[in-house]
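One is the number of the first residue; the rest follow in order along the sequence. Because the structure is a prediction, the values reported are computed rather than measured. Both counts, for ligands and for their atoms, begin at 1 and track the order of listing.
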Amino acid sequence: MSTILKNTSQSETGKSSGSTPPLLQVIDLGFSYGAKQALKNINFELITGRFHALLGPNGAGKTTLFALISRLFNLQEGDILLDGCSLRKAPAQVLSNVGMVFQQSTLDLDLSVAENLHYHASLHGIGEARRRQRIAIELARVEMENYQHTRVRTLNGGHRRRIEIARALLHQPRLLLLDEATVGLDTRARTEINKHVRKLCMNQEVGVLWATHLIEEIDPNDPVTLLHKGQVLANANSLEICQRSGHANLVEAFESLTRPQQVKT
Ligand code: ATP
């Protein structure tokens, strides 16, 4: 039995229809670390305003994919398009529309919240007056407006994550990438971050690619790209993955699809 679920329907994966290009298109992407192939023939699309889950166990290739989209690594095979614009041909234009929350916190612990955000906004060429305005807006959105002058070291993990999300949105990107953003947080903080990011999709017209290995973070109607050992096993919404694989829920489907003997080589 093939474990790769094909024929994904447009409505359920959030694929665009008509002439509007999807926000993000990942096309025939491949990447190797020397002899180790980490990604092979990756294809999927994400549309604006959707929370799109990139689900995969450890080592699936999620971080490598994010490193390619955010240009930490150069493309080897394939291309990534944002609003139809090629990362290969116009990297600066694409990157100006991408916000990133890394798996490991990248805040400077000895600076205040505002100092961290001003520094990041400066790197994006945002002038001082606008910086102040943008920082106030994004901190308010994550309900952290009263923490501007707090040293990051004194914040808890959930609050640090909120600051990182605010930071990633300062330059008003069209695509927000979150790499296992809830790792290390307690259940309540995890739920809050997940809810907040979903709200961003609805209110901000931003598309979100949410990398996770936690199935409880995925809703039945979320578009899901299921990645395993560097390959896409399924591109569909959670419900459809269950139906097609004949399982009652995504936990069972995920376990079945990623079971070692069923991995296509
Ligand atoms: P995790 O959830 O554990 O971070 P992941 O889904 O993000 O996993 P990656 O970190 O992208 O997966 O790793 C994909 C594959 O590439 C794994 O087999 C990993 O061992 C390998 N890999 C990652 N970084 C390197 C590297 N610098 N050199 C060699 N192999 C690497």
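- Membership of an apolar cluster is not assigned to L214, as no side-chain contact below 4.5 Å to another ILVMFWY residue is traced.
- Side chains of I137 and R134 form a contact here, defined as non-hydrogen atoms less than 4.5 Å apart.
- A 4.5 Å side-chain heavy-atom check between L169 and V142 finds every atom pair outside the cut-off.
- Listed by chain and residue number, the protein contacts of ligand 1 are Y33, K36, A38, P57, N58, G59, A60, G61, K62, T63, T64, Q103, E180 (heavy atom within 4.0 angstrom).
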* R161 and E164: salt bridge (charged side-chain N to carboxylate O under 4.0 Å, His left out), yes or no, with the steps? -> CA-CA 5 Å; R161 274 299 180 205; E164 291 193 293; 2.7 Å; yes
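- By the 30° and 60° cut-offs, the orientation of the rings of F51 relative to W210 is tilted.
- Ring pair F73/F31 is parallel by interplanar angle, where below 30° counts as parallel and above 60° as perpendicular.
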